[in-house]
2 protein chains.
Amino acid sequence: MVSIKKIARDIGVSTATVSNALTGKGRVSEAMVARIRARAEELGYRPSVAARALKTGQTGILGLVMPDLTNPLFPRIAQTLSLAAETRQLGILIADSRGSADEQGEALRRLVGRGVDGLLVVPQKGTTPDPMPVPMAIINTASDPTNSVSADHAGGGALIARHIADIGHRKVVILGGDRVSEVQRDRIAGMTRALRDDMGHRVCWGEVGVAQAVAEVQAGATAIMTTSDLIALQVRSELMRAQISVPGQVSLTGFDDMSFAPIMHPALTTVAQDVDEIAHRAIEILTARIAGTPSDREGQTVPMRLVLRQSTSIPTHPAQRRSIP
Amino acid sequence: MVSIKKIARDIGVSTATVSNALTGKGRVSEAMVARIRARAEELGYRPSVAARALKTGQTGILGLVMPDLTNPLFPRIAQTLSLAAETRQLGILIADSRGSADEQGEALRRLVGRGVDGLLVVPQKGTTPDPMPVPMAIINTASDPTNSVSADHAGGGALIARHIADIGHRKVVILGGDRVSEVQRDRIAGMTRALRDDMGHRVCWGEVGVAQAVAEVQAGATAIMTTSDLIALQVRSELMRAQISVPGQVSLTGFDDMSFAPIMHPALTTVAQDVDEIAHRAIEILTARIAGTPSDREGQTVPMRLVLRQSTSIPTHPAQRRSIP
DNA sequence: CCTGCTTGATTAATCGTTCAAGCAAGGGGG
DNA sequence: CCCCCTTGCTTGAACGATTAATCAAGCAGG
């Protein structure tokens, strides 16, 4: 491997000068900088990250901890995050917190042990990660005060509920996956808040909730709003079994615009996160914290976007409709 | 931060002795090892990875390059890989090759620049990654000779085709997503090989292939075998539009057993990769190569597993069935 | 009693980079 | 003419670990 020393010997200067020339820090003449740069290029010099890390205490690596990568949304975040990090010359070391809060803490400690400069955390449902001796950025749990950046889950819920209200639904079911999820609670809070006064709703949760929702439909509800596309897909399956058509007899909505949402039948009306924006902000906030200059965009939420597709429509029977002004 | 030096001073020995005691390398008395270990524990000593990397040239970090993390299968591999790496005290630095082969090369070079000890690569469709100056393990393109470990895609295709044959189908459609994908070609090769002599089949590709497949069904085909659950979901949607029932009028199969496969309607018959096994072998092979002791399991494929669900059944009309012995 | 081996520790160099401090030379102001 | 400032480069000491070489002491065998 070619080091700074080799270049120094080649040109006949000290290693300090080479270092200065390459990093642009000390005082080096224009001409010398050019010569050194050229030779470095020629030799294909790559600075040793290890040596630099040892000396400066900065590794240029961020740790990323995610809960259970099987949720198809997280990879998208990971991908964008890695892209955003890359433009800042940072690397991303991954770890996943596999279900438990303990594992999450363990993963964080491991990453710190590896000398990461900062941590990006998408917390386990219903947990707040322990503070660590390096800067952290917490992603995606809007209502948590320690949060750094998040989609506006409540706003997204409101968007979809308003849509459902606008097209005339009166009796609706809201279906969540897991009560402990801060994110899902936020979404549901947004939904209920946006419902109109002349509307009725019921909130159901989890596996049993799916059956309850179907029962509600049979009892006259005309829309089911879920907190995840995954749940919506499952509901779709149950509705089919019960011979209930979508959107003919009931409108159905998801959340997150996952990969299969546009290709299922009917294509799912849902709400999308601006994953790009969230990832970029997370990196921005974290690098700012590392540099010691807190960003002013901390804690702000990123708006969500309504994606209208074919799974929602106005209620078939006029009797079931709201009177729209 | 507490260093080896601090421990040495505390106990009154040289840093070399501490290093030896902690790594178990040189000659240190039992008693001394115990004292040093204890003190290190007490102080919460963590070796500096940077210093160690600088001296030894090994970072304990593996690079992982994946094509487009939005394919829901890859995250599962990433997750298992990170778990497997962890048990060997290794970290995983991610990068994704976002569509292009150029990006893939770029990602590899970046990771090498960061000093990774080895590279895990799930290659971009139809590409073979450039050789790099560190050991590599190539994952998941069975028919490629540079491959290190892969699911037995052809075997998986054979499994599903045999199932379709066994339940009596005679005229079938095979539907692939992208011709350049080595993996998909392997799967299809496996399928066609496993078809019986008295069966007829047609292979279609891509977006237009979906429509062609539906047309084939209208012309008498009773089964559609796809090379991905994602494609199957899309086909399901088109079939619905054409008022063709699954599995009543046509049997449908996917590939990879993605998250939504069990919850779509009807639940999808598909073939699953043993992601765990693949990930573990990849790590094993790579660490062996790094250590300079090539593993004997290189190049072996990992069997796939048939997952029978509700999207396949025997053809409704006896006239369309094969006569099964 | 001397020699040679083993045990348990030390010394000192080294990995590649950064950075504060120092130093020589040239130029301008008084 | 002397002094000081600036410019451009060098010196040398870190950073925290590893490791080959060395050494002192104890012990056994001849």
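Every chain is numbered from 1 and lettered A, B, ... according to where its sequence line falls, protein lines coming before strand lines.
- Look at CD1 on A:I36: it is 10 Å from C1' on D:dC9, rounded to the nearest Å.
- We find that CG of B:L22 is positioned 8 Å from P of D:dT18, with the value rounded to whole Å.
- For the side-chain contact (heavy atoms from CB on, under 4.5 Å) test, residues two or more places apart in sequence or in another chain that qualify with A:E106 are A:E103, A:R109, A:R110.
- Between the C1' atom of C:dT10 and the CZ atom of B:R27 lies a distance of 12 Å, rounded to the nearest Å.
- Listed by chain and number, the residues in a side-chain contact (heavy atoms from CB on, under 4.5 Å) with A:A84 are A:H280, A:I283 (sequence neighbours excluded).
- Shown here are the side-chain contact (heavy atoms from CB on, under 4.5 Å) partners of A:T293, two or more places apart in sequence or in another chain: A:A288, A:A291.
- Remark: A:E42 engages A:R39 in a salt bridge (charged side-chain N to carboxylate O under 4.0 Å, His left out) (not counting sequence neighbours).
- Applying the salt bridge (charged side-chain N to carboxylate O under 4.0 Å, His left out) rule to B:R52 yields no partners; only residues at least two apart in sequence or on another chain are considered.
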remark   = Per-nucleotide protein contact along nucleotides 16-21 of chain C, 5' to 3', at a 4.0 Å heavy-atom cut-off (B base, S sugar-phosphate only, - neither), is BBBB--

